[in-house]
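Everything numeric here is computed off the predicted structure, so don't read it as measured data.
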Amino acid sequence: MIARRHLPFAVFRHVVLAVGAVIMLAPFIWLLSLAVKPADEIFTTDIRLLPLKWDAARNFTEAFNKVPLHRYLLNGVVVTAAIFTLQVLVALPAAYALAKLRFGLAKPLFALVLLGLLIPGHVPAIPHYIMLSHAGLLNTYPALVFPSIISVFGIFWIRQFFRTVPDDLIHAARLDGLSEFSIVWRIMLPAAMPALVAFGILSVVFHWNDYFWPLLVVTSPDMAMPALGTVYLRNTEAGTDYGPLMAGTAIITAPLVIAFLFAQRRFIEGMTLTGLKG
Amino acid sequence: MTSSANAFQSGVSVRSVSKSFGQTRVLSDISLEIGPREFLTLLGPSGCGKSTLLRIIAGLDHADEGSIALGNQTVDGLLPRERDVAMVFQSYALYPYMTVAENIGLPLLMRRTRSWQRLPLIRRLHPVARAATGTIARDVRRAAEALQIETFLDRKPGQLSGGQRQRVALARAMVRNPRVFLMDEPLSNLDAKLRVAARAEIAELHRRSGVACIYVTHDQVEAMTMSDRVAVMMGGEVLQVAPPAEIYDRPAELRVAEFVGSPKINILPGTVRSDGGIDVPGGALAIQSRLPAGTAVSVGMRPEHCDVAPGLGAGGIHGRVRHRENLGSDLFVHVETAGEHRIVARSVPEIAAAVPPDATVTLRPRPDRALLFDRAGRRL
């Protein structure tokens, strides 16, 4: 029997995975645990997951009272949505051109895209900052959004996906009277949905959690992104109150976890890049 | 629409078209005239350039040299959508995320509305856009009914069988009355039974539409049964353009003779005798050629033009039976003659018992049907 022969290996595999899962989940579980404990229980020496006295309500209301948490969440939604939308507007036509059009510069341009993948996002941070400063856009939504509009990763990712779309489909569309832009939006966009969902999750997660860039361009608390916002919870004068801090952190993490749970299947679909079946 | 009016006058002219991909020359100096209502088949083995030629006519690919005209209009500078041609692809190329109705209606939608009229809200509210939507729905239904797919209009292509998808692709091509139909092996993804039915159906649709059709295939049966004329292509050249019967009976070249016909034509090397007859391995052909004595020729004989008789008879070609294939209606006898040349002869199953394997037989080719080719393969 195949299953029995592989049983030791299966057990081993699951043990490894389980250890990995525990290591990765532990901080998050600890965060949730602290978020529901009263302050005096947080600093006890004994480790317990569940509190003796539940203090979740106080921690969570405190988190909302101390800082405008809802504002951070709103900023997060607006900025990540704007970034993703604009990234798609740029990446889809670019990916189509690189994957399906034949023109002299296709190869060098694609090489540039690959080169762009190698450059860390922090490298152009100072030039971006100076440009935004000259434009008088610091501490605005555009400052948070503009530097991320062109995602070379997005272009690369969607281009790879577009390569799997049969050429005949594009030929048929051209004969049916579609312009190249119509082909991108009417034919390629629906075909690329799984890849777009996967890219969308990566993009939203990255920018939702981004701490570095908002820290540079945001100067007033009401423009803060979620990750930056939690810092304001810590920096309040009376010293850090860990309960509300953890509660606030849990709140800003929750939307991502929920979104992933909903889109999980499509996300994995996109990751495996199965392409388009005729 | 003006296009349907034009359709009755316009054919397709291919003028000295050449095309290379890098070092490989895929089309060399192709010229073809297709009549306004003609069904022309481009027949050839894979890689002969027939699909490339079709794509050049459609405007999806560009010729290095030469020119394409539809009707009286040269279309070389025009985009595919401006040429008003419709194409059916081997893979059908249906839009997987649209319903059948949307697939068929898309070419109409793109032609009858402006881009701003296709915006989601305007499409419902603007009177012109709404009227267009109505007429499109009507025309889609009419095309779907012609192909008996009106019950599938709300389905996605993924939910259809191969034959149904093929009909959707045909409907999408027909719906807008193009100037010419281009078909790139549209039947090769169907099973054998469906293919026979679809052959007749496409030929009939073509007759009803009265629009020129260029049909690409490697299947000689499709070419023979559907076409007004067949253009046999090989190695990037057109070898012969003629009605199917003529291609079969009077091939211009050895390569055409060998490509068309199943089982393949028998080819024997021969030498012209002084009396005009031709010596071949294992015997002679009693024909009267006017070639000078000693000329080396290739003799082509179709299996159905070779009679088989048991035993060693006078004249004809002698050989030994190596194999028999009884198809019920026909008996194919494989005969090996001197010099290990194989000849396939078609006979009737009744003689099967008389020609067992290893039996000696006499083949008598019909002299009036023998085809002679010179060294270069041209028919004499």
Go through the steps for Met87(B) and His171(A) under the test side chain to side chain contact (heavy atoms under 4.5 Å, CB included), then give the verdict. CA-CA 9 Å; Met87(B) 190 155 165; His171(A) 290 158; over 6 Å; no
Walk me through it: do Arg81(B) and Ser179(A) pass the test side chain to side chain contact (heavy atoms under 4.5 Å, CB included)? CA-CA 8 Å; Arg81(B) 65 168 183 267; Ser179(A) 67; 3.9 Å; yes
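Counting heavy-atom neighbours within 6.0 Å of Phe181(A) CZ, excluding the residue itself, gives a total of 12 or less. Atom CG of Asp154(B) has 12 or fewer neighbouring heavy atoms from other residues, nucleotides or ligands inside a 6.0 Å radius. Atom CZ of Phe262(A) has 12 or fewer heavy atoms from other residues, nucleotides or ligands within 6.0 Å. For Ile150(A), the CD1 atom sits in a loose shell: 12 or fewer heavy atoms of surrounding residues, nucleotides or ligands are nearer than 6.0 Å.
Note that CG of Asp61(B) is 5.5 Å distant from CZ of Arg102(A), once rounded to the nearest 0.5 Å. Annotation: the span from Arg186(A) atom CZ to Arg118(B) atom CZ amounts to 5.5 Å, rounded to 0.5 Å. With values rounded to the nearest 0.5 angstrom, Asp168(A) atom CG is found 11.0 Å from Leu94(B) atom CG.
A donor-acceptor contact shorter than 3.5 Å is absent between the side chain of Tyr97(B) and the backbone of Leu189(A).
Considering all non-hydrogen atoms of both residues, Ala172(A) and Arg172(B) come closest at CB-NH2, 3.6 Å. In plain terms, the two heavy atoms of Met110(B) and Ser182(A) that are nearest each other are CE-OG, 3.9 Å.
Leu175(A) has its side chain out of reach of Arg83(B): every pair of non-hydrogen atoms, C-beta onward, lies at least 4.5 Å apart.
Using a 4.5 Å cut-off between heavy atoms, Leu182(B) makes no contact with chain A at all.
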